[in-house]
K.L.:
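Got a structure for you, written out below as structure tokens; questions coming shortly.
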There are 2 protein chains.
Amino acid sequence: MLIGDLAEKSGLSVDTLRYYEKIGLIPKAPRDGGGRRVYDAAMLRWIDFLDRLKATGMGIKDRLRYADLRGKGAASLGLRRQMLERHRGKVAEDIARLTEVLSVLDDKIDLYRKMEAGGPVDPSFENCARTGHGAQ
Amino acid sequence: MLIGDLAEKSGLSVDTLRYYEKIGLIPKAPRDGGGRRVYDAAMLRWIDFLDRLKATGMGIKDRLRYADLRGKGAASLGLRRQMLERHRGKVAEDIARLTEVLSVLDDKIDLYRKMEAGGPVDPSFENCARTGHGAQ
DNA sequence: CTAGGTGCTGGAGTGCACTCCAGGTCAAGA
DNA sequence: TCTTGACCTGGAGTGCACTCCAGCACCTAG
């Protein structure tokens with residue numbers, strides 16, 4: 001698999017893949033006769049996992065640290081687990097925060113609907129007091 | 001309330017508040033005799049709401065658009081509601097994605113625990129097949 | 001055998017969202 | 001009155017995460 005195929009399958013751009021290799025997020029790919037990078041399916045799985053870490057808000061530095069540990073093999077299992085556990089905690093917090101904001105948004109959307117309908121403002125105002133935000 | 005108090009209460013830095021005013025995210029504050037910005041509690045509520053939008057992944061451009069609509073008053077209620085509805089959809093998607101990754105992380109943490117204990121690799125491997133990721 | 005598509009490198013450029021700084025003004029307490 | 005701390009402005013700098021580009025090599029189909 002050449003870099004173009006991997007780009008298509010992973011959803012990353014060719015430039016991004018080379019950038020990831022440059023900074024060490026993915027291992028240096030072996031080359032074919034013409035100097036072109038050759039990838040296998042394992043790399044695709046690794047990139048997919050990196051993508052999940054990224055999609056859940058893990059920055060590039062932490063992903064790099066994780067990639068580095070992974071390169072060290074079984075000896076780093078404990079540290080990798082610790083990183084994942086910490087990250088798990090953050091993801092859980094994010095879910096909680098998003099869920100809370102979801103209900104604030106629902107309240108506000110509701111309030112706007114009522115205001116658009118020229119409806120009564122009093123219940124909206126209570127709603128405003130409850131969420132801590134008015135019609136903004 | 002001067003800018004330092006607002007910074008403390010909102011959790012933003014003084015620089016960020018001035019930056020927000022510069023780009024139009026918050027209205028230009030009236031000044032006191034010495035040319036210093038004076039804020040009231042309503043501004044704090046607005047900033048808190050902006051912060052929720054930001055914390056749920058709304059970029060500065062969209063926050064600016066929302067702020068701009070807000071400045072237009074009641075006439076923009078419908079458009080603001082539409083923005084919030086779209087954003088609500090994104091937040092719901094984010095929650096779904098995070099929740100999915102949470103279980104991937106749980107599986108992986110579990111797998112690592114077993115590997116650290118020198119336990120059997122077969123169940124871990126099935127787990128790996130299920131989540132689409134091995135020990136990485 | 002040549003044209004087009006893909007790949008390579010090193011380095012510059014981009015967009016976001018701040019963050020910091022120099023050099024100044026102003027106000028309130030000792 | 002003097003000092004200290006908070007505030008002001010315009011503009012430069014930062015960190016992240018890519019993204020793009022020039023100029024070149026290579027390989028394959030026609």
Side-chain angles (χ1 to χ4, degrees), chain A residues 1-40 43-44 46-68 83 87 90 94 97, chain B residues 1-40 43-44 46-68 83 87 90 94 97:
Chain A
M1 186 162 38
L2 295 184
I3 200 168
D5 307 306
L6 184 62
E8 197 176 337
K9 285 183 190 169
S10 68
L12 297 177
S13 75
V14 168
D15 275 320
T16 300
L17 287 170
R18 282 194 287 247
Y19 165 70
Y20 278 3
E21 179 179 304
K22 187 158 71 183
I23 64 170
L25 202 51
I26 58 179
K28 293 203 181 268
R31 307 300 179 101
D32 69 4
R36 297 179 301 180
R37 292 169 178 84
V38 179
Y39 298 98
D40 60 6
M43 185 60 71
L44 185 57
W46 169 232
I47 287 169
D48 280 351
F49 181 63
L50 280 176
D51 222 46
R52 279 169 201 258
L53 294 181
K54 174 183 156 190
T56 49
M58 187 185 283
I60 224 166
K61 276 189 183 168
D62 282 343
R63 266 142 63 216
L64 254 170
R65 165 136 178 78
Y66 190 85
D68 186 56
M83 282 194 76
H87 187 57
K90 283 186 193 162
D94 283 351
R97 185 153 27 78
Chain B
M1 185 166 33
L2 294 184
I3 199 167
D5 308 306
L6 184 62
E8 197 177 338
K9 285 183 189 168
S10 67
L12 298 176
S13 75
V14 168
D15 275 320
T16 299
L17 288 171
R18 282 195 286 246
Y19 164 71
Y20 278 2
E21 179 179 305
K22 186 159 70 181
I23 64 171
L25 203 50
I26 58 179
K28 293 201 183 271
R31 308 300 180 99
D32 69 4
R36 298 178 300 179
R37 293 169 178 84
V38 179
Y39 298 97
D40 59 7
M43 186 61 70
L44 185 57
W46 169 232
I47 286 169
D48 280 351
F49 181 63
L50 280 175
D51 221 46
R52 279 169 201 257
L53 293 181
K54 174 183 158 191
T56 49
M58 187 185 283
I60 223 166
K61 276 188 183 170
D62 282 343
R63 265 143 61 216
L64 255 172
R65 166 136 177 74
Y66 191 86
D68 186 55
M83 282 195 76
H87 187 58
K90 283 186 192 162
D94 284 351
R97 186 155 26 79

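Quick note on labels: first sequence line is chain A, next is B, and so on, each numbered from 1. Small disclaimer: the values here were computed from a predicted structure and weren't measured.
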K.L.:
Any side-chain N or O of R63(B) less than 4.0 Å from the OP1 or OP2 oxygen of dC18(C)?
P.N.:
yes
K.L.:
With nearest nucleotide decided by heavy atoms, which residue, G59(B) or D32(B), maps closer to the 5′ end of DNA chain C?
P.N.:
G59(B)
K.L.:
Taking atom P of dC8(C) as reference, at what distance in whole Å does atom CG of L17(A) sit?
P.N.:
10 Å
K.L.:
Roughly how far, to the nearest 0.5 Å, is the CG atom of L25(A) from the CH2 atom of W46(A)?
P.N.:
6.5 Å
K.L.:
Rounded to whole Å, please give me the gap between NZ in K22(A) and C1' in dA17(D).
P.N.:
12 Å
K.L.:
Shortest non-hydrogen contact from A67(B) to G24(B)?
P.N.:
CB-O, 4.0 Å
K.L.:
Please state how far atom CZ in R37(B) lies from atom C1' in dA6(D), giving the value in whole angstrom units.
P.N.:
13 Å
K.L.:
How many whole angstroms separate atom CG of L2(A) from atom C1' of dG5(C)?
P.N.:
12 Å
K.L.:
Using the ring of each side chain (for Trp, its six-membered ring), is F49(A) parallel, tilted or perpendicular to Y66(A), with breaks at 30° and 60°?
P.N.:
tilted
K.L.:
Pick the nucleotide of DNA chain D nearest each of D5(B) and R36(A); which residue has the one closer to the 5' end?
P.N.:
D5(B)
K.L.:
Taking only side-chain nitrogens and oxygens of Y20(A), does any of them come within less than 4.0 Å of OP1 or OP2 of dA17(D)?
P.N.:
no
K.L.:
Does G34(B) or G35(A) map to a spot on DNA chain C nearer the 5' end, using the closest nucleotide for each?
P.N.:
G35(A)
K.L.:
When the distance from CD1 of I3(A) to C1' of dC27(D) is rounded to whole Å, what number comes out?
P.N.:
17 Å
K.L.:
Check whether any side-chain N or O of R31(B) sits under 4.0 Å from OP1 or OP2 of dT9(D), and answer yes or no.
P.N.:
yes
K.L.:
CZ of R18(B) versus C1' of dC21(C): gap in Å, rounded?
P.N.:
12 Å
K.L.:
OP1 or OP2 of dC20(C) versus the side-chain N and O atoms of Y19(B): is any pair under 4.0 Å?
P.N.:
no
K.L.:
Choosing from dT19(D), dA17(D), dC16(D), which nucleotide comes nearest the side chain of D15(A)?
P.N.:
dT19(D)
K.L.:
Quickly work out the L64(A) CG to dG15(D) C1' distance and round it to whole Å.
P.N.:
14 Å
K.L.:
For R65(B), is there an ion pair with D62(B) - N to carboxylate O distance below 4.0 angstrom?
P.N.:
no
K.L.:
Roughly how many Å is it from CG in L50(A) to P in dC18(D), rounded to a whole number?
P.N.:
11 Å
K.L.:
Phosphate oxygens OP1/OP2 of dT19(C): is one of them under 4.0 Å from a side-chain N or O of T16(B)?
P.N.:
yes
K.L.:
Would you indicate what I23(A) reaches in the nucleic acid, counting non-hydrogen atoms under 4.0 angstrom: base, sugar-phosphate, or nothing?
P.N.:
nothing
K.L.:
Kindly say whether L2(A) contributes a backbone atom to a donor-acceptor pair with the side chain of R36(A) at under 3.5 angstrom?
P.N.:
no
